[in-house]
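None of the values given here were measured: they were computed from a predicted structure. Chain letters run A, B, ... following the sequence lines, proteins first, then strands; residues in each count from 1.
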2 protein chains.
Amino acid sequence: MQQEVVLAMLAKEASRGYQLRARLRDALGPLGDDMNAGQIYVTLTRLEKAGLVTVEESATRAERPDGKVYSLTADGHHRVAEWVSEVSWPRPDLAVFHLKLVAAAAARLADPIALVDAQRRELLRRLRDAQRAVMAEPEGSDAALLYEGIALRLQADMRWLEACEKSWTRRRSGS
Amino acid sequence: MQQEVVLAMLAKEASRGYQLRARLRDALGPLGDDMNAGQIYVTLTRLEKAGLVTVEESATRAERPDGKVYSLTADGHHRVAEWVSEVSWPRPDLAVFHLKLVAAAAARLADPIALVDAQRRELLRRLRDAQRAVMAEPEGSDAALLYEGIALRLQADMRWLEACEKSWTRRRSGS
DNA sequence: ACGCCCCCATATAACGGTTAGCTTGATCTA
DNA sequence: TAGATCAAGCTAACCGTTATATGGGGGCGT
């Protein structure tokens, strides 16, 4: 998980790694299961090295397993405030599929249009899954919202693939 | 750039790093300028270490700068064929924004609805840019196709943000 | 002729996200 | 009591990405 996300979760209250991981999983619903177990620990140690969090080797609390409790430093608080206030959005990652088509056509490895078609079928499958998941979730839940976003994305990508197909068929008859 | 992409470009013909980079940039149009210059060399050395490409220290050709020409090994050809045939699609990356909202609300760092609004304005700006870019490109060019995909994505994300706003306002009045 | 700048071409260190896999103890259960 | 499962944590390693460095060569103005 992105460092800032972990940092922001830690801003609510100091936690140990496992609790943090559980909170993240809860906030994502069924999609949280995709997270890798070790991810949090990697991120936490890196945050510590960067001086954004501190550990307290707490045998002070009566917590059974000899514990590492993580909390934010002043720098950490500053960083998370900064992150919350900044607007950023992941750049669309369509380039690699496009390059796959270009490369496949150039090296005569496969028919681009067949590739687009296969991709369309795959996205259709995922779209059905996402829509089924939306309905399976309780109305208005976090998970339902996320699945809805995924479905909207997939629909947009489907329409792009249609545009790709048109473009490549034109290109084939045109050359 | 992803290793497989570089590999696939190399499948067309053996090249040296710089040519490869130029070919990639051409295939992406104006978006290709975002590529980092050194990226290709990092990827190529890693591919070499993995045994998927080989270098030929060619002073054999009358090429001025003492040259490293890269070409695919048998394993490399196999790998690229595999890649072309596999259907994969980047997983939608909506989780981090969702977690930003959750964390901001939980730690009372900011008003989630204000965050959604700021994001909406930003995406609207980018959408206008993308649509302008579509029209600036020659009809049917690679770059126009890519920009169209980006625009479609952004529209989908906008609609998701609207759903987010609805959901969080409901949640606020409901708690 | 000299200095300057830009392009070709390559390389490298380092950061950050992700994964696979390991350990160790506790708890459950057949 | 042996085996399975789970909590809790850790590590090595891969890959994508960036910033930055290094030279050689060609044009160009003064």
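- The residue A/Arg21 sits apart from the nucleic acid: no heavy atom pair falls under 4.0 Å.
- Between the CG atom of B/Asp93 and the P atom of C/dT18 there is a distance of 10 Å, given to the nearest Å.
- Atom CZ in A/Arg91 sits roughly 11 Å away from atom C1' in D/dG16 (whole-Å rounding).
- Two residues are said to be in side-chain contact when any heavy atoms from C-beta on lie closer than 4.5 Å; B/Leu31 and B/Ile150 meet this criterion.
- The CD-C1' distance, from B/Gln2 to D/dG16, rounds to 8 Å in whole Å.
- For the pair B/Lys68 and C/dA11, the criterion of a side-chain N or O lying under 4.0 Å from OP1 or OP2 is met.
- Under a 4.0 Å N-O distance rule, the pair B/Asp129/B/Arg132 qualifies as a salt bridge.
- Side-chain contact between B/Leu20 and B/Leu44: present, with at least one pair of heavy atoms (C-beta onward) separated by less than 4.5 Å.
- Regarding B/Gln39, its CD atom lies at a distance of 14 Å from the C1' atom of C/dT12, rounded to whole Å.
- In this structure, A/Leu99 places its CG atom 13 Å from P of D/dG16, rounding to the nearest Å.
- If you check every strand for non-hydrogen atoms under 4.0 Å, A/Gly17 touches sugar and phosphate atoms only.
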Self-check item: Watson-Crick or G-U pairs under 3.5 Å in DNA chain C, rendered as dot-bracket with [ ] for crossing pairs and | for another strand
Solution: ||||||||||||||||||||||||||||||

Do any side-chain atoms of residues 110-117 of chain B form donor-acceptor pairs under 3.5 angstrom with protein atoms, and if so which ones, sequence neighbours left out?
residue  : atom : partner  : partner atom : Å
B/Asp111 : OD1  : B/Ile113 : N            : 3.3
B/Asp111 : OD1  : B/Arg172 : NH1          : 3.2
B/Asp111 : OD2  : B/Arg172 : NH1          : 3.4

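- For A/Asn36, taking side-chain heavy atoms from C-beta onward, the closest of the listed nucleotides C/dA20, D/dT18, C/dA11 is C/dA20.
- Heavy-atom distances to DNA chain C give each of B/Thr45 and A/Met35 a nearest nucleotide, and the one nearer the 5′ end belongs to B/Thr45.
- Residue A/Tyr18 places no side-chain N or O under 4.0 Å from the OP1 or OP2 atom of D/dG9.
- Counting only heavy atoms from C-beta on, A/Tyr41 has its side chain closest to D/dC10 among C/dG16, C/dA9, D/dC10.
- For B/Glu162 and B/Arg159, the salt-bridge test fails: no basic side-chain N is under 4.0 Å from an acidic carboxylate O.
- Regarding A/Arg25, its CZ atom lies at a distance of 8 Å from the P atom of D/dA7, rounded to whole Å.
- Residues B/Gln119 and A/Ser88 come closest through the heavy atom pair NE2-O, 3.0 Å.
- Out of D/dA8, D/dT18, C/dG16, the shortest distance to the side chain of A/Arg46 is found at C/dG16.
- A/Glu48 places its CD atom 14 Å from the C1' atom of D/dG9, with the value rounded to the nearest Å.
- Remark on DNA chain D: of its neighbouring residues B/Gly38 and A/Val42, the 5'-side contact belongs to A/Val42, judged by nearest-heavy-atom nucleotide.
- The CZ-P distance, from B/Arg23 to C/dA9, rounds to 14 Å in whole Å.
- Closest heavy-atom contact between A/Tyr147 and A/Pro30: OH-CB, 3.6 Å.
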